[in-house]
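The structure under discussion appears below in the form of structure tokens.
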Amino acid sequence: MKKVILSLAALALMVMPACDSKKSADKESKVIKTEIPARPEGATDLVGFATSPMDTVRVGFIGLGMRGPDAVKRFTAIPGAKVVAVCDLEQDRVDKMQEWLKEKGINDVAGYGGSEDAWKQLCERPDIDLVYIVTDWVNHAPMALYAMDNGKHTAIEVPAATSLEEIWALVNKAEEKKLHCMMLENCVYDFFEMNTLNMAQQGLFGEVLHTEGSYLHDLSEFWPYYHNNWRMDFNQKHRGDVYPTHGMGPACQLLDIHRGDRMETLVSMDTKAVNGPAYIEKATGEKPDSFAQGDHTMTMIRTANGKTIQIQHDVLTPRPYSRMYQLTGTKGFANKYPQEGYSFEPEQLASADVPDHENLTAHGFVSDEQKKALEEQYMHPIIREVGEVAKKVGGHGGMDYIMDYRLVYCLRNGLPLDMDVYDLAEWCSLIPLTAISIENGNAPVEVPDFTRGAWQKQKGYRHAFAKEPKE
């Protein structure tokens with residue numbers, strides 16, 4: 001046992017930079033730390049960052065595969081947005097998109113395709129404000145960096161980056177160029193999540209202590225549709241939670257991450273790989289030499305304020321779809337999967353707007369009637385404003401439209417975006433950090449402060465509005 005303890009301490013010392021004090025070294029000697037690079041000269045943090053208002057947000061889209069065409073179509077329904085250019089490696093996808101736009105009376109959209117560098121021409125156009133990236137994961141960060149080098153704000157599909165090198169590069173570039181770099185995390189705009197967030201922000205759950213999230217989605221029917229098998233290939237080569245952001249986004253907003261609290265330490269573990277290599281063998285007839293991704297990955301995170309987060313990932317077993325959205329507070333509880341529901345202490349709902357509010361129990365959810373009354377009373381202002389339009393336009397029940405609408409709304413009104421580059425960094429960081437934990441015997445790993453000290457500048461996560469919304 002003594003040898004094991006000494007080995008872990010030696011590992012920590014190898015990957016941990018020198019501590020400033022003996023106390024810090026003693027306390028953190030078993031926590032693996034990664035390097036936090038110096039901020040670029042002349043750059044400043046972007047907490048609460050906003051740019052000058054834009055009358056029209058001119059957008060160029062890179063990637064017209066599984067998600068891109070729907071994004072282009074949604075933007076044609078957003079006030080103040082203009083589709084300027086579309087791009088894809090496959091020219092026929094570009095042609096098909098332009099044809100659809102022409103049928104809608106939009107004839108002046110430029111198309112780029114047919115070569116691996118065509119996207120660069122789109123980024124270099126002077127008449128584009130925002131580059132919207134919807135490609136395979138490995139191209140997200142390089143494309144966003146090039147776009148920012150050309151003075152463009154960027155919106156990047158999830159995950160925006162898959163390594164610490166990419167994450168820090170995006171943070172540094174955004175800070176250096178004073179540009180927005182946002183990850184397109186749609187799940188924070190789902191109706192239940194937004195209404196629950198509004199309840200939490202108004203104190204209905206008391207102090208939020210614990211949140212949960214996940215991506216549990218059997219992709220067995222979808223693997224053949226990823227261009228050149230890129231997604232299965234990524235799972236084969238990478239261990240850890242490779243797709244954490246759908247669960248992380250709502251969980252972190254509930255806990256005000258980098259707005260008064262920050263993630264400090266995580267521990268991750270996984271099962272052995274069974275269904276992944278079995279799929280490869282069935283598809284190719286050959287058993288793979290290796291398969292990094294375990295069938296199921298679990299991660300626990302602790303914050304500076306003593307809160308906890310649980311995140312899970314599983315795309316390889318036949319579990320029912322779940323994002324495991326859950327909140328535990330001192331006065332209440334919320335859960336979305338497999339059953340939507342709320343539970344409160346009676347005094348939390350002392351209102352004539354909630355039927356029979358005294359008839360509550362901690363042993364079950366409130367009644368359907370009470371839940372409906374709560375959702376009406378605490379409907380998020382954004383849902384109240386555009387929820388019905390979002391349902392009609394569509395995109396995962398409307399949350400994709402709300403995501404895009406809010407991006408354009410904030411840019412047009414010169415407001416901070418709902419998700420900034422540090423959200424991107426924190427949520428994506430689970431990909432490399434969980435791998436480090438698992439590959440080092442499930443060791444605790446420090447989550448870097450991507451704000452480099454600015455995480456307490458704002459107190460509490462809030463959406464920005466041009467004028468106070470009606471409650």
Side-chain angles (χ1 to χ4, degrees), residues 46 48-64 67-87 97-98 100-111 122-123 125-134 144 147-148 150-157 174 177-186 188-189 194 380-396 398-421 462-470:
L46 298 180
F49 172 70
T51 57
S52 299
M54 304 178 188
D55 181 61
T56 301
V57 180
R58 303 167 298 176
V59 191
F61 294 83
I62 305 175
L64 299 172
R67 298 290 303 276
D70 288 337
V72 175
K73 293 173 183 178
R74 290 193 304 271
F75 266 76
T76 64
I78 299 175
K82 178 179 173 58
V83 179
V84 173
V86 295
C87 175
M97 192 76 256
Q98 286 179 306
W100 184 92
L101 290 163
K102 289 177 181 178
E103 291 175 359
K104 300 297 179 181
I106 306 171
N107 299 305
D108 56 348
V109 176
L122 182 148
C123 293
R125 288 181 65 105
D127 58 346
I128 287 178
D129 305 303
L130 171 71
V131 174
Y132 196 103
I133 301 168
V134 202
M148 286 190 281
N150 282 273
K152 308 298 189 290
H153 300 295
T154 51
I156 318 166
E157 258 294 353
K177 297 291 186 180
K178 303 293 189 296
L179 291 167
H180 290 297
C181 181
M182 182 188 114
M183 183 164 59
L184 294 161
E185 180 43 69
N186 57 352
V188 299
Y189 296 101
M194 293 205 77
H380 197 286
I382 295 173
I383 299 294
R384 200 176 295 280
E385 177 190 2
V386 297
E388 291 306 313
V389 174
K391 290 177 183 178
K392 293 177 182 177
V393 176
H396 291 93
M399 60 185 181
D400 293 357
Y401 175 83
I402 298 175
M403 174 183 69
D404 295 334
Y405 171 86
R406 281 293 299 177
L407 171 56
V408 173
Y409 173 91
C410 291
L411 289 174
R412 293 188 72 201
N413 287 283
L415 300 171
L417 302 188
D418 295 345
M419 297 175 282
D420 61 23
V421 71
R462 293 295 186 273
H463 295 87
F465 295 94
K467 58 182 180 180
E468 286 298 315
K470 296 179 181 180

How close do [X] and [Y] get, heavy atom to heavy atom, and via which atoms?
{"X": "V84", "Y": "R58", "answer": "CG2-CB, 3.6 Å"}
{"X": "A466", "Y": "L415", "answer": "N-CD1, 3.6 Å"}
{"X": "N150", "Y": "C123", "answer": "CB-O, 3.4 Å"}
{"X": "G414", "Y": "A50", "answer": "O-CB, 3.4 Å"}
{"X": "I128", "Y": "A85", "answer": "CD1-CB, 4.2 Å"}
{"X": "Q98", "Y": "V86", "answer": "CG-CG2, 4.3 Å"}

Distance, nearest 0.5 Å, that separates [atom1] of [X] from [atom2] of [Y]:
{"X": "R412", "Y": "I78", "atom1": "CZ", "atom2": "CD1", "result": "10.5 Å"}
{"X": "M419", "Y": "E185", "atom1": "CE", "atom2": "CD", "result": "6.5 Å"}
{"X": "D404", "Y": "F75", "atom1": "CG", "atom2": "CZ", "result": "4.0 Å"}
{"X": "N107", "Y": "K104", "atom1": "CG", "atom2": "NZ", "result": "13.0 Å"}
{"X": "K467", "Y": "N413", "atom1": "NZ", "atom2": "CG", "result": "10.0 Å"}
{"X": "R67", "Y": "N186", "atom1": "CZ", "atom2": "CG", "result": "5.5 Å"}

*Going by the salt bridge (Lys or Arg N to Asp or Glu O under 4.0 Å) test, name the single residue among K73, K391, R74 that passes it with D400.*
R74

Counting C-beta onward and ignoring hydrogens, is there a side-chain heavy-atom pair between [X] and [Y] closer than 4.5 Å?
{"X": "K178", "Y": "L46", "answer": "yes"}
{"X": "Y132", "Y": "L184", "answer": "yes"}
{"X": "I106", "Y": "T76", "answer": "yes"}
{"X": "I156", "Y": "V131", "answer": "no"}
{"X": "T56", "Y": "D129", "answer": "no"}
{"X": "L417", "Y": "L407", "answer": "yes"}
{"X": "F61", "Y": "V83", "answer": "yes"}

*Could I get the full list of side-chain hydrogen bond (donor to acceptor under 3.5 Å, both in side chains) partners for R406, not counting sequence neighbours?*
D418

*Run the salt bridge (charged side-chain N to carboxylate O under 4.0 Å, His left out) check on K82 and D127 step by step: do they pass?*
CA-CA 11 Å; K82 178 179 173 58; D127 58 346; over 6 Å; no

*Verdict with supporting geometry, M194 and H463, side chain to side chain contact (heavy atoms under 4.5 Å, CB included)*: CA-CA 11 Å; M194 293 205 77; H463 295 87; 3.9 Å; yes

*Taking it one step at a time, do D420 and F49 satisfy side chain to side chain contact (heavy atoms under 4.5 Å, CB included)?*
CA-CA 8 Å; D420 61 23; F49 172 70; over 6 Å; no

*Any donor and acceptor pair, going by atom type alone, linking the side chain of H153 with main-chain N or O of H180 inside 3.5 Å?*
yes

*Distance-only, no hydrogens or angles: does the K152 side chain make a donor-acceptor pair with backbone N or O of R125 under 3.5 Å?*
yes

*Can you tell me if E385 and Y409 form a side-chain donor-acceptor pair at under 3.5 Å?*
no

